[in-house]
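Structure, as C-alpha cells:
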Amino acid sequence: LNPITQAAQLLQINKQNPADVDAIVELCHSLNPLQIQKLLTMYTPTSEFEKRVPASVIKAVNAYFKGRVPDAGRLMMDVDQVLAVTFQHRPIDRDLRDVAVPDDLELKFVRRT
C-alpha cells in the first residue's frame, strides 16, 4: 500500500515550482521516476483554485532522476510481486427477488424477472 499512499500524498503536496522537487522526491521513495512523471502529467485539478502541474516542475523531476536511476522502471506494479488475495464467500439465505430496490436510485438496469 506504500506506493498508493505516496501517490495520494503526491497529489496533495505543493507542486507549482521547481523548488518543490526535493519534497516530491523525498515523499515518493516507493514510486519510480516514470510513475511520478505520469502522475504529475495526468493530474487534473478538480478545483478552479488549483492549477495543473507546470511543465517546468515535471522537467525538474526528470532532471533530478537523470543519471541517478539507471532504469526508469515500469509504469505499473511488477507482477512478480503480486500476492494472492482470497475473499471468503458467504452465501446468503435471503432470496434476492424479495429485495426492494427504491425507485429513487433510478437503477433502470435492475429488473425483476
Side-chain angles (χ1 to χ4, degrees):
L1 292 178
N2 223 9
I4 295 171
T5 303
Q6 290 177 13
Q9 290 173 339
L10 173 62
L11 298 177
Q12 295 173 6
I13 66 170
N14 190 14
K15 50 198 169 295
Q16 289 303 311
N17 62 54
D20 299 326
V21 170
D22 290 331
I24 291 171
V25 171
E26 184 179 327
L27 175 72
C28 300
H29 56 83
S30 292
L31 300 175
N32 67 46
L34 185 59
Q35 291 169 328
I36 295 171
Q37 177 185 359
K38 187 68 171 181
L39 284 168
L40 293 176
T41 303
M42 299 299 295
Y43 176 68
T44 304
T46 57
S47 168
E48 63 188 47
F49 301 108
E50 285 186 88
K51 299 176 184 171
R52 291 187 67 87
V53 179
S56 60
V57 173
I58 297 170
K59 287 178 184 176
V61 169
N62 290 341
Y64 179 89
F65 284 113
K66 190 172 186 173
R68 294 180 191 214
V69 181
D71 180 22
R74 297 179 182 179
L75 185 57
M76 301 300 286
M77 198 169 116
D78 187 4
V79 292
D80 295 333
Q81 296 180 0
V82 175
L83 302 174
V85 177
T86 56
F87 298 98
Q88 185 177 14
H89 174 68
R90 294 184 186 161
I92 58 172
D93 294 332
R94 188 170 197 174
D95 188 2
L96 292 179
R97 287 175 282 198
D98 297 336
V99 175
V101 178
D103 292 333
D104 298 3
L105 295 178
E106 297 181 12
L107 300 175
K108 297 187 186 339
F109 59 89
V110 177
R111 290 178 282 178
R112 292 194 184 271
T113 56

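Note that the structure is a prediction, hence the values are computed from the model and not measured.
Residues that satisfy the side chain to side chain donor-acceptor pair (under 3.5 Å) test with S30, not counting sequence neighbours, are N2, Q6. Applying the salt bridge (charged side-chain N to carboxylate O under 4.0 Å, His left out) rule to D103 yields no partners; only residues at least two apart in sequence or on another chain are considered.
Interatomic distance, CG of L34 versus OG1 of T41, reported as 9.5 Å (0.5 Å rounding). Going from atom CE of M42 over to atom CG of L11 covers 11.5 Å, rounded to the nearest 0.5 Å.
By the 4.5 Å heavy-atom criterion applied to side chains, Q35 and P3 are not counted as neighbours. The shortest distance between side-chain heavy atoms of L10 and L40 falls below 4.5 Å. A heavy-atom distance below 4.5 Å is found between the side chains of Q37 and N62. Counting heavy atoms from C-beta on, the side chains of D22 and Y64 come closer than 4.5 Å.
A side chain to side chain donor-acceptor pair (under 3.5 Å) with Y43 is found for exactly one of K15, K51, E50, K38, namely E50.
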Run the numbers on I13 and D20 for side chain to side chain contact (heavy atoms under 4.5 Å, CB included), then give the verdict. CA-CA 9 Å; I13 66 170; D20 299 326; over 6 Å; no
Apply side chain to side chain contact (heavy atoms under 4.5 Å, CB included) to V53 and L39, showing your working. CA-CA 10 Å; V53 179; L39 284 168; over 6 Å; no
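Few gaps surround CD1 on I92; more than 12 heavy atoms of other groups in view lie less than 6.0 Å from it.
What you find for C28 and I36 is that their closest heavy atoms are CB-CD1, 3.7 Å. Of all heavy-atom pairs between A60 and V21, the closest is CB-CG2, 3.4 Å.
Under the 4.5 Å side-chain heavy-atom criterion for grouping Ile, Leu, Val, Met, Phe, Trp and Tyr, L27 is not connected to I4 through any hydrophobic cluster.
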